[in-house]
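The structure appears below as structure tokens.
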There are 2 protein chains.
Amino acid sequence: MYTIGEISKKFNLNISTIRYYDKEGLFPNIKRKNGIRKFDNSDVESILVIECLKKTGMKLKEIKKFLDWCTQGDSTLNNRLKMFIEQKNKTLSQIDELKKALNLINYKCWYYEEAVKRGSDKDLKNIDINNMPNEIKSFYINWQKNK
Amino acid sequence: MYTIGEISKKFNLNISTIRYYDKEGLFPNIKRKNGIRKFDNSDVESILVIECLKKTGMKLKEIKKFLDWCTQGDSTLNNRLKMFIEQKNKTLSQIDELKKALNLINYKCWYYEEAVKRGSDKDLKNIDINNMPNEIKSFYINWQKNK
DNA sequence: ATAAAACCTAAACCTAAGTTTAGGTCAAGT
DNA sequence: ACTTGACCTAAACTTAGGTTTAGGTTTTAT
């Protein structure tokens, strides 16, 4: 059993954030002693799940829905499975989007490294694509199509 | 030269969002004719960059800083390079975090598929880890360490 | 027994990134 | 010339996810 201060340190979360999560219903079965919260293993498990799902862009309301389903027993197993399959797909496409964004960023890194070397990017704007490294070149050709 | 309505369709952005970006200074050199915005190729380029960097979690203020540097000429080349190198690292760690989150999600998918098959997750809570698929098993062992 | 540290609530406040509303102006087709 | 659709601004409103503040308990250490 942990106090809110211990949890705060353990997971490096602001105390007010933990209280806010509680207010939003993210610890459906948390215990109290004289009004003071006592976090047990299942509450710690909730925090780990919250932290993880938040990273994938899941809203606190959705996460609460899952945690509530967990306390409601076997009748909600299908809902829970469906939720995780959806979140898996969302996360896969996020990774994909980030990789695409990374291509632009890598291009810009190459561009500004060259520009800094030359002291200017004037000549770089009309550079022959055959003077670009291969990955940069193929990104550049694709990028031009958006316009 | 495009109107705001054309840009809105082309990039599937709400018109108010584009006006908001303009208000925030994200089209530093946009032209107007009788008060009406005319988007040229460089404004289109800005939109592509904005969309891309936003996905990596960059704030509009940071993006504006970059766009402003672009209009200020060669003296800001170093700043721009530094910004993209930082953003590259941030994006790489975001991808990493998402992959970690995906491990939990894959575990949960496995867990609830099993549970749905069995009609209950009671027995699953004490399952022998040797009955888990290998990837699931290695995630599970690691996950237990957080507690 | 008492002071300090850690806990509590309710409510106000904050920020980013928009969206909505109200009241107007401009441009294109008939 | 006139109507309609597309454009304009300023300002209020919205949402999520907190953070801060003010005023009050509880626990812990001396």
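Naming: A, B, ... by sequence-line order, numbering from 1 per chain.
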Round to a whole Å and report the spacing from CD of A:Glu62 to C1' of D:dT15. 16 Å
Over all strands shown, is A:Lys54 touching base, sugar-phosphate only, or nothing at heavy-atom distances under 4.0 angstrom? sugar-phosphate
Polar atom pairs (N or O), protein with nucleotides 26-29 of chain D, under 3.5 Å:
residue: D:dT27; atom: OP1; partner: A:Asn34; partner atom: ND2; Å: 2.9
residue: D:dT27; atom: OP2; partner: A:Asn34; partner atom: ND2; Å: 3.3

Indicate, with yes or no, if the rings of B:Phe39 and B:Phe27 have centres closer together than 6.0 Å. yes
Would you mind reading off the distance between B:Tyr21 atom OH and C:dT19 atom C1', rounded to a whole angstrom? 13 Å
Between A:Asp43 and A:Asp40, is there a donor-acceptor pair closer than 3.5 Å when you use the side chain of the first and the backbone of the second? yes
Between CG of A:Asn14 and P of C:dT15 the distance, given in whole Å, is 16 Å
If you check the A:Ile4 side chain, which of D:dA16, C:dA17, C:dC8 turns out closest? C:dC8
If I take atom NZ in residue A:Lys64 and atom C1' in nucleotide D:dA16, what distance separates them, rounded to the nearest angstrom? 16 Å
Closer than 4.0 Å, any side-chain N/O of B:Thr3 to the OP1 or OP2 of D:dA6? no
State, to 0.1 Å, how close B:Lys54 and B:Ile63 come at their nearest heavy-atom pair, and which atoms those are. N-CD1, 4.1 Å
Which is true for B:Arg19 with a 4.0 Å heavy-atom rule: it touches a base, it touches only sugar-phosphate, or it touches nothing? base
Expressed in angstrom and rounded to an integer, what is the separation of A:Leu60 atom CG from D:dT15 atom C1'? 12 Å
note: A:Tyr20, atom OH; D:dG18, atom C1'; distance rounded to Å ~ 6 Å
Does a sphere of radius 6.0 Å around NZ in B:Lys99 hold more than 12 heavy atoms from other residues, nucleotides or ligands, not counting ones at 6.0 Å or beyond? no
At under 4.0 Å, does any side-chain N or O of A:Arg37 touch on OP1 or OP2 of C:dC7? no
Base, sugar-phosphate or nothing for B:Thr17? Non-hydrogen atoms, less than 4.0 Å. sugar-phosphate
Heavy atoms of other groups near B:Tyr2 OH, more than 12 under 6.0 Å: no
Remember a base hit wins even if backbone is also touched, and classify B:Lys61 as base, sugar-phosphate or nothing at under 4.0 Å, heavy atoms. sugar-phosphate
Would you mind classifying the nucleic acid contact of B:Lys23 as base, sugar-phosphate or nothing, using non-hydrogen atoms under 4.0 angstrom? nothing
Taking CZ from B:Phe39 and C1' from D:dC8, how many angstroms apart are they, rounded to a whole number? 12 Å
Salt-bridge present (B:Lys9, B:Glu6; N to O < 4.0 Å): no
Just wondering, are more than 12 heavy atoms of other shown residues or ligands nearer than 6.0 Å to NZ in B:Lys55? yes
Find the distance A:Asp22:CG to C:dA10:C1' and express it as a whole number of Å. 14 Å
